[in-house]
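Position 1 is the first residue of the sequence; numbering continues from there.
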Amino acid sequence: MGGENYISEDYKTFPELSIWAYHNGLKLAPDRKDPAPGAGTGRLFDNQCRMVPETGLDILLIADSNRKDIIYVYFDLTLFSKTENAAILPDRELRISVNGIVKRTIRFPDANLYSKSLYAGTPPAYITVDPSELREGRLNLNLTPLAGEKGRFWGVWDVFLSYTAPEYP
């Protein structure tokens with residue numbers, strides 16, 4: 001994501017997304033304060049979100065190619081819950097691929113995913129990657145909205161890998 005030209009539609013803050021959500025009858029789950037030992041603050045939290053364009057978003061993560069443990073890639077995504085005043089919004093899907101292979105599809109609405117994002121110790125959206133899937137220690141991730149979706153509905157607060165399994169299935 002570094003070295004690209006800055007396009008304002010690609011980045012949003014929690015307050016900006018909350019206003020959009022409010023006007024569409026939605027509640028936005030906040031940016032999580034996930035542990036990040038290598039970060040200066042020790043936490044992944046800045047209320048800055050990278051929106052996923054209609055064409056998809058590529059993310060590169062580097063893993064230790066000498067480790068043979070299962071890798072868990074956690075996605076702190078923009079997750080919404082409908083309120084009683086919810087606008088009529090189409091169902092949405094976001095496909096998560098690793099090195100060209102679809103690993104998971106996230107759907108909106110999903111009240112269970114929203115609730116876990118508020119109360120669970122780890123982000124509720126994750127995938128598992130076998131070390132044999134690494135390409136020279138690289139994980140080429142791709143997030144792609146369902147074909148035909150217009151606008152930037154999905155966003156990513158943070159993406160990180162860990163060798164620790166989630167606290168829930």
[X] side chain vs [Y] backbone, donor-acceptor pair below 3.5 Å:
X      : Y      : answer
Arg104 : Tyr126 : yes
Asp110 : Asn112 : yes
Ser65  : Gly137 : no
Thr83  : Gly25  : yes
Thr13  : Glu16  : yes

Would you say the side chain of [Y] lies within less than 4.5 Å of the side chain of [X], judging by non-hydrogen atoms?
X      : Y      : answer
Ser81  : Leu28  : no
Glu93  : Ile106 : no
Leu94  : Arg92  : no
Arg32  : Pro123 : yes
Leu141 : Leu60  : no
Asp10  : Arg50  : yes
Val52  : Pro145 : yes

Atom pair [atom1]/[atom2] of [X] and [Y] - distance to nearest 0.5 Å:
X      : Y      : atom1 : atom2 : value
Asp58  : Asn142 : CG    : CG    : 5.0 Å
Ile127 : Glu133 : CD1   : CD    : 8.0 Å
Ile70  : Thr128 : CD1   : OG1   : 6.0 Å
Lys12  : Cys49  : NZ    : SG    : 10.0 Å
Leu77  : Trp157 : CG    : CH2   : 11.0 Å
Asn140 : Leu134 : CG    : CG    : 10.0 Å

Would Tyr72 and Tyr163 count as a ring-ring contact (aromatic ring centres under 6.0 Å, His included) here? Give the steps.
CA-CA 6 Å; Tyr72 298 89; Tyr163 294 96; 8.5 Å; no

Are [X] and [Y] linked, directly or through other ILVMFWY residues, by side chains that come within less than 4.5 angstrom of each other?
X      : Y      : answer
Leu146 : Leu113 : no
Phe75  : Phe14  : yes
Val98  : Ile59  : yes
Val129 : Leu61  : yes

Mind running side-chain contact (heavy atoms from CB on, under 4.5 Å) on Asp76 and Val156 for me, showing each step along the way?
CA-CA 6 Å; Asp76 187 2; Val156 181; over 6 Å; no

Considering residues, nucleotides and ligands other than Lys103, do more than 12 of their heavy atoms fall under 6.0 Å from its NZ?
yes

Heavy atoms of other groups near Tyr22 OH, more than 12 under 6.0 Å:
no

Which is it for Ser162 and Tyr74 under the side-chain contact (heavy atoms from CB on, under 4.5 Å) test, yes or no, and what are the steps along the way?
CA-CA 8 Å; Ser162 173; Tyr74 293 96; 3.7 Å; yes

Measuring centre to centre across the rings, with the benzene-like ring taken for any Trp, is Phe80 within less than 6.0 Å of Trp154?
no

Hey, mind stepping through Leu17 and Thr78 against side-chain contact (heavy atoms from CB on, under 4.5 Å) and telling me if it holds?
CA-CA 9 Å; Leu17 288 172; Thr78 51; 3.8 Å; yes

Derivation of the side-chain contact (heavy atoms from CB on, under 4.5 Å) call for Ile71 and Asp69
CA-CA 6 Å; Ile71 301 165; Asp69 304 312; over 6 Å; no

Going by atom types only, do Ser132 and Asp130 share a side-chain donor-acceptor pair under 3.5 Å?
yes

